[in-house]
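Just so it is clear: chains get the letters A, B, ... in the order the sequence lines come, proteins before strands, and each one is counted from 1.
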Amino acid sequence: MSSRVEILPGRGSVIRHGELTIWAGPGVSSELISFLRQSARNVANSATSGRQVADHIAAILTSRDPERSAPFAVIGPAEAGWAILLHGPVQAWDGNQWLAPTPDPGWLRTVIDPSPAVSVGPAGSPAPRLVLASPYNLVAGMVPGGGVIVLPGAGEPEPAPTGQDRAEQAPRPTPEPAASVAVPRPSEQLRDDRPGTDQPWGEQPGGAAPQTEAPQEHAAGAIGPIVDLRHRSGRGLAPLPSGAAPAPKDRPEVGGIRCPRHHFNRPGSTTCAVCRTEIPPGQPQVPGPRPTLGVLLADDGTVLRVSRDLLLGSQPKVDGVDEPALQPVTLTGAPGLAPAHAELRVHGWVLRAIDRGSAEGTHVWVAGSSDWVKLAPYSPIDIPPGSHISMAQRVLTYLSPWR
Amino acid sequence: LEVRLRSSLADYQLLGSYGPGGEHDGAWLARPPGRLGGSDATVVVTEMVDPGPEAWPAFVERLSDLASIHHDHLPRLVEAGRTEEPEGVVVWVTRDGAATRPLIPAPGQRDPAIAAVAAAARAAHALHEAGWAHGAINPAAVLTGADLTLLAPPLAAVAPDPVRVGPLSSALAYDSMDPMALWGEGPSRASDIWSLAATAHALITGRPLHPPLGGDTVVAAAQRILIEPPELASDLDAPLAGILAACFAPDPADRPQTAAELADQLESLVPGR
């Protein structure tokens, strides 16, 4: 089932090709309209058209913004959810939240889960009333409109292309941009700011460098600027300290004891986890940056570092990351895994697991016990080293040098 | 089972896989496009995980830092871009990268292997002095040609993953990792020195530091390396065994202080150096 695209009254243009919908507000140049329209046509048959166009435009905006105040929005499917890119004074309501770009950088690219629709229009406009039985539906093409409502899965299959854009809805078609306006493909929008493209192709031991042809601005098959690295200068980083890497500055302080060689260890340790020398009893506790607590060894060989709080799931970047300190970790290969399945939180020297109310639940085999235990939702449980954590069909083993 | 037959990446013509792992390594021999002068020279093309448009500027800044490090035993980075199919970052690496290939462990090749690792240690030292830890030194990262030895560039360090340690696709892939790095502490001079020594051991003896490793599952291998100390091959000559053993000291303070120091020690074992 395709999406239904309803046009809202007002000034601007709505473009739809395939599952990709674009709204461009008043004041947008004809060049930008042409670019957006052609971009939509290029990806019309893609199952990830939204992500492709949003990423492509984001890549351009990262290096330069040709029309900083132009209001436009791109909405279309991504691998998971719907990609949306908002630029300039626009806003979107996805049924749960308002989205709008901040003044700097002036654009926003994210993924949403429309429930059941997403509406887009100029900044400051009220949320439109959704008429679920509305007969209006833009199937393909470009029409005038002051905003748009996109209802994923609520439309009808797009008819076979006839060579002409067509709209089922009433508004008069907007005149197409003049035929003389160049319509660049997305990749042709990319310019390269690299210096030295007239430089020869590297040096070759034992032979002269080959002649360089006329420089091109981008590579076929590339979706962003090509960066010439041959003539770049670095920032001049300081040499590494000798020995091991120092603890990152964002590590929290915890209490610990020091071995005779001054390595920081968990209280109660009898052998240093670093140098393996014995730690005499009665060492005073001192504060120090918490080392990495250990690792989670996944059943596919993935090693996950446990140095901060983690959120594990199939799409933890999309759902559930409501704390900046919670690091999303995507696990694959388990159909029953919830988008945000479980949290693993570091508390002092202890790891704690918390199920986030997942349908299949989180099970733990605590080291030394005889059976698996299903976690009650949102009830933390301590995970000693050697324990196993099972989520859907994935199993993680927690190992730590700090016993 | 996914089988990918690819003839091009961006506008580079792929000529074949580069590393010992075939296409799974994500590196190919390739013919450069005409816009770079064409020519018959071949280059190495490496595919990486796409950092996404928002992280791209920081990624380029890190790549530029890395590209500005010039050393006789480091390949030169040429260019980078994001590709549309398959999606991912491609870093095009050369300085005759195509004239070199990853070394294959081969017992009986002691002196060439020692010389190659010494050269790699020189390159690692240059990285360290420029503020970079390599973090992925292993036999496949030592590239040799007729008159050239290179250390593969530390591309994984350009976009370090805050959580995942690796990539570790096989049990043997763990063998060159300092256990402290596998425990999750960041790569460092000391962990690179461990890895250089483990690489020398593998190239010279053809055996892993943790002997049963080849038959282990990836999970069992990781557990073994985390818990058990390395075991040097018994047929190593005493001077070489002494140098390598020092690099495997649990306390980083007991290892050679710099990779250049290790290079000096290794070169002293090779006649004519």
Test of understanding: with salt bridge (charged side-chain N to carboxylate O under 4.0 Å, His left out), list the residues that count as partners of B:Glu61, not counting sequence neighbours.
A:Arg235

Interchain contact, A:Leu297 with chain B, by part (heavy-atom threshold 4.5 Å):
side chain

My understanding is that only residues two or more places apart in sequence, or in another chain, count here; which of them pass salt bridge (charged side-chain N to carboxylate O under 4.0 Å, His left out) with A:Arg109?
A:Asp55

Heavy-atom side-chain contact between A:Pro291 and B:Met180 under 4.5 Å
no

Identify which part of A:Trp107 has an atom lying under 4.5 Å from any heavy atom of chain B, answering side chain, backbone, both or neither.
side chain

Just wondering, are more than 12 heavy atoms of other shown residues or ligands nearer than 6.0 Å to NE2 in B:His70?
yes

A:Leu310 versus chain B, the contacting section by heavy-atom distance below 4.5 Å:
side chain

Say you draw a straight line from CG of A:Leu399 to CD1 of B:Ile227; how long is it, rounded to the nearest 0.5 Å?
6.0 Å

Does the B:Glu185 side chain pair with the main chain of A:Ala245, one donor and one acceptor, at a distance under 3.5 Å?
no

Counting heavy-atom pairs under 4.5 Å with chain B, which one of A:Gly236, A:Ser307, A:Pro241 comes out on top?
A:Pro241

Do the non-hydrogen side-chain atoms of B:Val163 and A:Pro328 ever get within less than 4.5 Å of each other?
no

Among the options A:Cys272, A:Cys275, A:Gly243, A:Gly294, pick out the one with the most heavy-atom pairs lying under 4.5 Å from chain B.
A:Gly243

So which part of A:Ala238 gets closer than 4.5 Å to some heavy atom of chain B, the side chain, the backbone, both or neither?
backbone

What part of A:Pro246 gets within 4.5 angstrom of chain B, counting heavy atoms only: side chain, backbone, both, or neither?
neither

So which heavy atom on A:Ile226 is nearest to which on B:Gly81, and how close?
CD1-CA, 4.1 Å

Tell me, for A:Ala247 versus chain B, whether the close heavy atoms (under 4.5 Å) come from the side chain, the backbone, both or neither.
neither

Please list, chain by chain and in numerical order, all residues satisfying salt bridge (charged side-chain N to carboxylate O under 4.0 Å, His left out) with A:Arg266, sequence neighbours excluded.
none

Do A:Leu237 and B:Trp132 come within less than 4.5 Å of each other through their side chains, counting heavy atoms only?
yes

Can you tell if the side chain of A:Val295 reaches within under 4.5 Å of the side chain of B:Leu182, non-hydrogen atoms only?
no

Which pair of non-hydrogen atoms, one from B:Gly131 and one from A:Leu240, has the smallest distance, and what is that distance?
O-CD2, 3.5 Å

Using non-hydrogen atoms and a limit below 4.5 Å, what part of residues 253-261 of chain B faces chain A?
B:Asp254, B:Gln257

Ignoring hydrogens, what is the shortest heavy-atom contact between A:Ala244 and B:Ala190? Give both atom names and the distance.
N-CB, 4.0 Å

State whether the number of non-hydrogen atoms from other residues, nucleotides or ligands found under 6.0 Å of A:Glu278 atom CD is greater than 12.
no

Heavy-atom proximity to chain A below 4.5 Å, by part of B:Ala130:
backbone

Nearest heavy atoms of B:Arg189 and A:Ser242, plus distance in Å:
CD-CA, 3.8 Å

So, the part of A:Ser233 with a heavy atom under 4.5 Å from chain B: the answer is backbone

Between B:Trp56 and A:Val227, is any pair of side-chain heavy atoms under 4.5 Å apart?
yes

